[in-house]
Chemist: 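The structure follows.
Letters A, B, ... mirror the listed sequences (proteins, then strands); counts begin at 1.
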Amino acid sequence: MSFDPAITLFSCHYTSQQSCAEEGKELEQLGFPASINLVRVPCTGKVQVTTLLKAFEDGADGVYVVGCPEDGCHNVKGSVRAAKRVAAVRDALEELGVEGGRVQMYHLPRGLHPEFVEKGKEMDSRIREMGPSPFQN
Amino acid sequence: MIVAERKPMSEIIEMVQDCKKVLVLACRGCVTVCSAGGEREAEILASLIRLGMKKAGKSIETTIGSLVRQCDREYIDEIDQWKGEYDAVVSTACGVGVNFISNLRKDTMVYPALNTTFFGGSAKQGEWTEQCAGCGDCVLHLTGGLCPVARCAKSLMNGPCGGSVDGKCEIHSDVECVWQSIHDRLASFDRSAQMEVIAPIRDWSTAGHGGPRKIVRDDLTV
């Protein structure tokens with residue numbers, strides 16, 4: 001059964017900077033999935049476990065975070081902290097009997113690189129394969 | 001501090017499955033310091049409870065509260081501000097807090113969100129180790145300030161066992177042999193001779209083996 005997923009992306013200000021060029025139209029033209037709702041944050045290190053969980057509570061079928069490379073975060077350790085929190089949410093989802101893969105962390109270079117779109121597509125297809133969130137009851 | 005960690009979510013969801021609304025009650029004492037049951041952890045737990053119940057096809061309302069401590073009567077009284085807002089309290093305090101609420105609130109069902117584990121400290125961020133067993137008969141003045149009751153796997157009182165190898169305990173290569181550490185520390189203070197003093201057979205009645213313990217300070221009671 002196909003469905004249109006709702007995916008929430010929390011992206012670092014620097015990583016997603018170019019993504020907002022021309023009001024996001026450039027991103028759209030590059031094939032960035034329409035299922036992804038991009039939320040820009042000053043630093044992914046500011047994304048709390050509760051922020052990620054709330055996205056699921058608000059109806060997201062999948063949630064992911066894109067931050068700076070591990071060794072090149074603008075705020076030194078922000079993206080490393082984010083990765084730890086994503087891992088904590090993954091563990092919590094699995095404790096609840098939900099696929100941990102519904103939450104992901106990616107470390108990408110700053111600016112609009114092909115990887116930014118690729119990872120969006122990867123997340124979109126992963127969530128489509130998994131189906132609707134079990135929290136949608 | 002008292003160190004604790006969250007129970008598995010399956011256990012917590014099982015506890016609250018018949019509830020329509022719960023008060024997730026944080027404690028701003030030890031469990032906040034060990035990041036197990038402070039306000040942030042209570043928020044996370046409330047979210048996980050809502051998600052877990054939603055997955056089970058049920059809905060639940062959560063109220064998040066916090067007390068300075070859950071181990072003193074005057075703070076427990078503050079629970080009354082949430083009266084009528086919950087069917088049960090899910091406490092993120094240590095076991096003392098859960099017991100205290102149960103003792104003092106006869107009509108309130110209280111569930112423990114944490115497994116209370118040990119008295120410990122954190123020398124490294126995100127890592128806690130047991131340092132004290134609360135045995136009620138401290139010998140630290142004889143052992144260089146390092147506790148053989150809590151930190152020796154066998155709680156030996158007269159030096160290491162045969163399983164001490166290169167300063168490590170035989171139970172795991174990550175575990176220090178505290179008796180080796182005691183020896184080295186006493187030696188650094190030129191007190192190695194203390195190792196030769198035979199410790200007498202311990203009276204474990206102070207360690208809870210004589211039933212629940214109680215301290216009464218007449219100078220403080222009125």
Side-chain angles (χ1 to χ4, degrees), chain A residues 3 5-8 10 39 44-65 70 73 75-103 105 127 130-137, chain B residues 4-22 24-26 31-32 34-66 90 92 111-115 122 124-128:
Chain A
F3 85 112
I7 298 168
T8 303
F10 295 96
V39 180
T44 53
K46 190 65 187 159
V47 176
Q48 300 293 331
V49 169
T50 45
T51 316
L52 301 171
L53 292 174
K54 187 170 186 308
F56 282 108
E57 286 199 72
D58 289 344
D61 298 295
V63 178
Y64 73 111
V65 177
E70 286 179 64
C73 178
N75 293 310
V76 188
K77 287 189 173 177
S79 63
V80 174
R81 290 185 202 284
K84 296 272 187 183
R85 289 169 190 156
V86 166
V89 171
R90 185 179 301 129
D91 290 345
L93 291 182
E94 286 172 357
E95 274 190 73
L96 292 172
V98 172
E99 307 95 329
R102 286 186 183 275
V103 64
M105 175 78 205
I127 299 300
M130 286 181 180
S133 159
F135 303 128
Q136 302 287 13
N137 290 322
Chain B
E5 58 185 349
R6 178 171 59 71
K7 280 182 169 288
M9 280 311 299
S10 55
E11 265 188 60
I12 297 172
I13 295 295
E14 177 73 21
M15 292 174 202
V16 302
Q17 62 173 326
D18 295 325
C19 296
K20 297 287 179 210
K21 45 190 183 178
V22 291
V24 180
L25 192 59
V31 292
T32 290
C34 71
S35 299
E39 291 174 348
R40 179 174 290 182
E41 291 75 31
E43 265 188 66
I44 293 170
L45 178 62
S47 185
L48 290 173
I49 288 174
R50 291 192 298 268
L51 286 167
M53 291 292 274
K54 212 168 180 183
K55 180 171 178 278
K58 298 176 178 179
S59 67
I60 192 165
E61 285 176 32
T62 56
T63 300
I64 298 166
S66 82
V90 178
T92 64
Y111 296 121
L114 305 185
N115 285 324
S122 176
K124 188 178 165 192
Q125 190 173 334
E127 197 175 297
W128 293 267

Chemist: Which heavy atom of B:Thr92 sits nearest a heavy atom of B:Val31, and at what distance?
Modeler: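 Looking at all heavy atoms of both residues, the shortest contact is O-CG2, 3.4 Å.
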Chemist: Rounded to the nearest 0.5 Å, what separates atom OH in A:Tyr64 from atom CD1 in A:Ile7?
Modeler: 7.0 Å
Chemist: Enumerate by number any residue of residues 91-103 of chain A whose heavy atoms lie under 4.5 Å from heavy atoms of chain B; in the absence of such residues, state 'none'.
Modeler: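 Hits under 4.5 Å: A:Ala92, A:Glu95, A:Leu96, A:Gly97, A:Val98.
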Chemist: Would you say that A:Met105 contacts A:Arg85 through its side chain, given a criterion of any heavy-atom pair below 4.5 Å between the two side chains?
Modeler: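 When only atoms from C-beta onward are counted, A:Arg85 and A:Met105 do not touch, as no gap falls below 4.5 Å.
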Chemist: Under 3.5 Å, is there a donor-acceptor pair linking the side chains of B:Ser66 and B:Glu39?
Modeler: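 Yes, B:Glu39 and B:Ser66 have a side-chain donor paired with an acceptor closer than 3.5 Å.
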Chemist: Can you tell me how far apart NZ (B:Lys55) and CZ (A:Phe135) are? Round to the nearest 0.5 Å.
Modeler: 7.5 Å
Chemist: Can you tell which of B:Ile13, B:Ile44, B:Leu51, B:Leu48 has the highest number of heavy-atom pairs within less than 4.5 Å of chain A?
Modeler: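 Looking at each option in turn, the highest pair count goes to B:Leu51.
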Chemist: Can you tell me which residue pairs pass the side chain to side chain donor-acceptor pair (under 3.5 Å) test with a partner in residues 49-63 of chain A, sequence neighbours excluded?
Modeler: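 Found A:Lys54-A:Asp58, A:Glu57-B:Ser47, A:Glu57-B:Arg50, A:Asp61-A:Gln136.
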